[in-house]
Visitor: 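Sending over a structure as structure tokens; questions will come in a sec.
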Amino acid sequence: MRKKNPKKLNTVRTILNVYNKDIQRHMSALSEDFQGKVSAVAEQFLGVNQKLDSLDGKADSLERKVDSHTEMIGNMATDLEVVKADIEFIKNGLRKKADYDEFVALEKRVTLIEARIKR
């Protein structure tokens, strides 16, 4: 390993000493620029986070609506099954009953039979 030459180091320090203030100003300007860019990125990040939070809230709201609609559809399907059963019951009941014309003819026949029995 080479030994450092103190005379050369002093010469380099003397030369660089003239530029110290310029270097410090330049570094300060770079630091300010960097901090400004970091601040801009941080603001954008916060904006994106707020939008994501808003979308998350909307997604939760939509999920609750879908769950509610699913439950309502289930209830309606159950009600529809009850209505179908009621209609089938009514339909079968109507098949067993006479319509008006048959009733009128039956009434005439019963009246004739009653009249014959009374004689």
Visitor: With hydrophobic residues grouped by side-chain heavy-atom distances under 4.5 Å, do Tyr19 and Leu30 end up in a single group?
Guide: yes

Visitor: Counting only N and O atoms by type, is there a donor-acceptor contact under 3.5 Å from the side chain of Ser31 to the main-chain atoms of Met27?
Guide: no

Visitor: Which value, rounded to the nearest 0.5 Å, describes the distance between Lys84 atom NZ and Lys91 atom NZ?
Guide: 11.5 Å

Visitor: Can we say Asp60 and Arg64 salt-bridge, meaning some charged N sits less than 4.0 Å from an Asp/Glu carboxylate O?
Guide: no

Visitor: Within this structure, what is the CD1-CG distance for the pair Ile73 and Leu80, rounded to the nearest 0.5 Å?
Guide: 12.5 Å

Visitor: Going by side chain to side chain donor-acceptor pair (under 3.5 Å), name the residues that satisfy it together with Asn75, two or more places apart in sequence or in a different chain.
Guide: none

Visitor: First locate atom CD1 of Ile23, then atom NZ of Lys21, and finally report the distance between them rounded to the nearest 0.5 Å.
Guide: 13.0 Å

Visitor: Rounded to the nearest 0.5 Å, what's the gap from CD on Glu63 to CG on Asp56? Could you check?
Guide: 10.0 Å

Visitor: Between Arg25 and Asp22, is there a salt bridge with N-O shorter than 4.0 Å?
Guide: yes

Visitor: Between Val104 and Lys108, is any pair of side-chain heavy atoms under 4.5 Å apart?
Guide: yes

Visitor: Can you check whether Val66's main-chain N or O pairs, donor with acceptor, with Thr70's side chain at less than 3.5 Å?
Guide: yes

Visitor: Return the CD to CE distance between Glu71 and Met76, rounded to the nearest 0.5 Å.
Guide: 13.0 Å

Visitor: What's the verdict on side chain to side chain contact (heavy atoms under 4.5 Å, CB included) for Asp33 and Lys37, showing C-alpha distance, side-chain angles and the deciding distance?
Guide: CA-CA 6 Å; Asp33 183 53; Lys37 289 179 180 176; 3.4 Å; yes

Visitor: Are there over 12 heavy-atom neighbours, none belonging to Met72, within less than 6.0 Å of that residue's CE?
Guide: yes

Visitor: So, taking the atom named CZ in Arg109 and the one named CG in Leu112, what distance separates them when rounded to the nearest 0.5 Å?
Guide: 9.5 Å

Visitor: Quick check against the 3.5 Å criterion: does Thr14 have a side-chain atom that pairs as donor or acceptor with the backbone of Asn10?
Guide: yes

Visitor: Okay, side chain of Thr11, backbone of Lys7: is any donor-acceptor separation there less than 3.5 Å?
Guide: yes

